[in-house]
Q: 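My structure is below; once you've seen it, I'll send some questions.
These numbers were taken from a predicted model, which means no experiment stands behind them. Side-chain atoms are counted along with the backbone in the values below, which use heavy atoms only and exclude waters and symmetry mates. Counting from 1, the numbers follow the sequence of the chain as shown.
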Amino acid sequence: MSSWSYALTNKGRQLQAKAQTGAQLVYTRMAVGSGTLSGQSLESMTALIAPVKDLTITRLKRPAGSTRALIGATLTNQDVTTGFYLREVGIFAEDPDDGEILYMYANSGATADYITPQGDGVIEKALNMNVFVGSAANITANIDESLAYATQQDLADAIAGIQINEATTTQKGIVQLSNATNSTAEDRAATPKAVKSAYDAAVAAQTTANAANEAASQAFQLGNERKQEVVDILIAKGISASTSESWESLLSKMTGIIKATGNATAADVLAGKTFSNATGNGLQGTMPNRGAGGTVTPGTTNQTKAAGYYSSSITVLGDADLVPGNIRRGVDVFGVKGEIYPGELMSIKINHTRAGVPGERIFIDLITLPGNLRFFNTAKGDSDYPMFWNSSNRSTAYMQPEFLDSSGLRWRPFYSALNNENLTNITYFQVDIESRTFFWRDKSGMGRTMVAESLPESFDFTKPFKLRWYFYTDGATNYTYGFDGKILCV
């Protein structure tokens with residue numbers, strides 16, 4: 001808190017002397033600054049050292065008979081852009097000879113308060129200076145009434161001694177406040193609490209009344225709407241009805257209506273047709289009308305007849321030839337399994353020349369035949385030479401066909417040396433798997449039929465098996481061998 005030292009300036013003393021002789025003492029303004037004394041006396045000051053802001057005088061009060069007057073102003077930081085220390089205050093007055101002078105000066109030195117700039121909080125500070133006026137009879141100040149306000153003491157002085165009578169219904173005055181909401185007194189005033197209680201009660205009552213009115217209105221409206229619905233239903237049924245009738249009359253007519261039964265749905269009824277069921281009357285069917293049923297001819301892909309109503313039967317064509325004897329074995333046509341064995345004709349041709357190697361045994365794979373055959377046979381091919389042939393010295397080369405199943409079991413229909421050239425050139429053989437027989441013929445036309453046991457029961461013809469050529473030589477003469485033939489599989 002600031003501690004102030006103040007005094008009338010020399011110019012102020014001169015103006016005070018003039019006021020004692022009758023001159024008018026007029027205070028013009030107050031000013032504040034931040035200046036620091038550097039040896040000057042208070043009495044010698046003629047201006048503020050570092051003035052910051054002028055203040056308009058808002059208070060001038062001199063108690064009766066007093067030699068001092070209170071001069072005051074209000075300091076705010078509303079237009080202060082740079083903070084400062086409130087270190088000096090001056091009161092200025094109008095001298096009739098010298099013009100405006102510094103009448104009184106005060107300085108707080110190191111105890112000065114800091115005034116923050118605008119934006120760092122609002123500051124509003126009352127500055128009151130007790131100024132010596134002596135016996136001057138005429139003291140005034142330039143006061144801006146728009147900035148003046150009354151102090152607490154001003155208000156206390158103003159209302160002291162005021163007498164206010166109690167109020168009645170015919171005159172203004174003091175009344176006692178009351179929270180009662182059911183009193184009949186005429187010398188009491190209702191408090192906001194009492195008014196609020198009465199207001200809340202009125203609002204609650206109004207809300208209840210509004211709700212009751214709304215419910216009644218809705219019930220009435222709902223009743224009218226439902227009555228109209230009932231009338232519409234009766235009229236749709238061919239029964240005369242009107243909303244002017246009583247509910248009793250309408251209900252009596254409704255009991256005479258026969259309710260529909262059944263579980264048909266819209267999808268069960270032809271489109272464009274109406275029907276009734278247990279859920280309602282006048283329902284619309286949605287089943288599409290597809291027209292005549294027509295004929296379906298089976299093919300290689302599925303054919304779909306769209307769901308809906310057909311005005312005639314749908315005929316799916318059959319064929320008397322759809323029997324097992326007309327279908328290839330392994331093929332299933334509409335559940336009919338085929339019994340016909342496939343016939344396949346395959347041509348094979350090879351021709352090799354080799355240097356004779358004593359004791360050489362050669363296995364040449366000719367073809368892999370499919371499983372589950374009924375029989376197969378071979379025939380001479382397109383060349384002039386027979387099916388199996390050998391151009392080497394017939395006393396040193398032997399050859400014959402061999403079969404190999406999927407398990408590795410080997411079967412040679414005949415296993416003997418073929419010393420006759422005609423016998424070494426095989427032109428035809430046939431294997432009948434069903435009868436387990438083997439027949440062969442050479443170039444000279446010789447041949448024989450093998451007995452059934454010549455086909456091993458353990459040889460697996462149900463899976464693919466190989467036909468290959470077995471060749472054996474015991475000499476060292478060059479030889480040429482070949483195969484040219486066709487194989488028919490059934």
Q: Look at atom CD of E229 and say whether more than 12 heavy atoms of other residues, nucleotides or ligands are closer to it than 6.0 Å.
A: yes
Q: At their closest point, which heavy atom of L322 faces which heavy atom of F334, and how far apart are they?
A: CD2-CD1, 4.3 Å
Q: For F84, which residues count as a ring pair (Phe, Tyr, Trp, His ring centres under 6.0 Å) partner, sequence neighbours excluded?
A: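 Residues passing ring pair (Phe, Tyr, Trp, His ring centres under 6.0 Å) with F84: none at all.
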Q: Find the distance between OG1 (T46) and CD1 (I101) and round it off to the nearest 0.5 Å.
A: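 The OG1 atom of T46 sits 10.5 Å away from the CD1 atom of I101.
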Q: Can you check whether S38's main-chain N or O pairs, donor with acceptor, with Q40's side chain at less than 3.5 Å?
A: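 Yes.
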Q: Excluding sequence neighbours, so at least two apart, what forms ring pair (Phe, Tyr, Trp, His ring centres under 6.0 Å) with Y6?
A: none
Q: Not counting sequence neighbours, which residues clear side-chain hydrogen bond (donor to acceptor under 3.5 Å, both in side chains) with K53? List them please.
A: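 If we apply the side-chain hydrogen bond (donor to acceptor under 3.5 Å, both in side chains) test to K53, skipping adjacent residues, the hits are D79.
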Q: Would you mind listing every side-chain hydrogen bond (donor to acceptor under 3.5 Å, both in side chains) that reaches into residues 292-306, with sequence neighbours excluded?
A: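 Passing the test, one end in residues 292-306: no pairs.
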Q: Can you list the residues that meet the side-chain hydrogen bond (donor to acceptor under 3.5 Å, both in side chains) rule with D98, with sequence neighbours excluded?
A: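 Partners of D98 under the side-chain hydrogen bond (donor to acceptor under 3.5 Å, both in side chains) test: K11.
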Q: Go through the structure and list residues passing side-chain hydrogen bond (donor to acceptor under 3.5 Å, both in side chains) with Y105, not counting sequence neighbours.
A: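 E88, N107.
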Q: Is the count of non-hydrogen atoms from other residues, nucleotides or ligands lying under 6.0 Å from Y310 atom OH greater than 12?
A: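 For Y310, atom OH is crowded (more than 12 foreign heavy atoms under 6.0 Å).
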Q: One pair to check against side chain to side chain contact (heavy atoms under 4.5 Å, CB included): V80 and V52. What are the steps and the verdict?
A: CA-CA 9 Å; V80 175; V52 174; 5.7 Å; no
Q: What distance separates N10 CG from L15 CG, expressed to the nearest 0.5 Å?
A: 13.0 Å
Q: Looking at every non-hydrogen atom in both residues, tell me the closest pair between L25 and A19 and how far apart they are.
A: CB-CB, 4.3 Å
Q: With rounding to the nearest 0.5 Å, note down the distance linking CG in L8 to CD in E43.
A: 8.5 Å
Q: Using side chain to side chain contact (heavy atoms under 4.5 Å, CB included), reason through M287 and V269 one step at a time and then give a plain yes or no.
A: CA-CA 6 Å; M287 180 190 297; V269 180; 5.9 Å; no
Q: Under the rule for ring pair (Phe, Tyr, Trp, His ring centres under 6.0 Å), what residues qualify as partners of Y103, not counting sequence neighbours?
A: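 In terms of ring pair (Phe, Tyr, Trp, His ring centres under 6.0 Å), with neighbours along the sequence ignored, Y103 is linked to Y27.
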Q: Mind checking salt bridge (Lys or Arg N to Asp or Glu O under 4.0 Å) for D120 and listing every partner two or more places apart, or none if nothing turns up?
A: none
Q: Has Y85 got more than 12 heavy atoms of other residues, nucleotides or ligands less than 6.0 Å from its OH?
A: no
Q: Can you classify the ring geometry of F465 versus F461 as parallel (below 30°), tilted (30 to 60°) or perpendicular (above 60°)?
A: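 Rings of F465 and F461: perpendicular, over 60°.
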Q: Heavy-atom count check: over 12 atoms from other residues, nucleotides or ligands less than 6.0 Å from D97 CG?
A: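 Buried by this count: over 12 neighbours within 6.0 Å.
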Q: Measure the OG1-CD distance between T74 and E124 for me, rounded to the nearest 0.5 Å.
A: 6.0 Å
Q: Show the nearest heavy-atom pair for residues M129 and I91, with the distance to one decimal.
A: CB-CD1, 3.4 Å
Q: Under the rule for salt bridge (Lys or Arg N to Asp or Glu O under 4.0 Å), what residues qualify as partners of R68, not counting sequence neighbours?
A: none
Q: Just so I know, are the side chains of P298 and L317 near enough to count as touching, which here means a heavy-atom distance under 4.5 Å?
A: yes
Q: With sequence neighbours excluded, tell me which residues meet ring pair (Phe, Tyr, Trp, His ring centres under 6.0 Å) with F275.
A: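 None.
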Q: Ignoring hydrogens, what is the shortest heavy-atom contact between L373 and I433? Give both atom names and the distance.
A: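 Nearest heavy atoms, L373 then I433: O-CD1, 3.5 Å.
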Q: Mind checking salt bridge (Lys or Arg N to Asp or Glu O under 4.0 Å) for K466 and listing every partner two or more places apart, or none if nothing turns up?
A: D365
Q: So, for A31 and F92, which heavy atoms are closest and what is the spacing to 0.1 Å?
A: CB-CE1, 3.8 Å
Q: Please identify each residue that fulfils side-chain hydrogen bond (donor to acceptor under 3.5 Å, both in side chains) with S2, with sequence neighbours left out.
A: D113
Q: May I ask you to check whether D200 and S197 show a side-chain donor-acceptor distance below 3.5 Å?
A: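 Result is no, nothing qualifies.
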Q: Verify, without hydrogens or angle tests, whether R87 (side chain) and A110 (backbone) share a donor-acceptor contact under 3.5 angstrom.
A: no
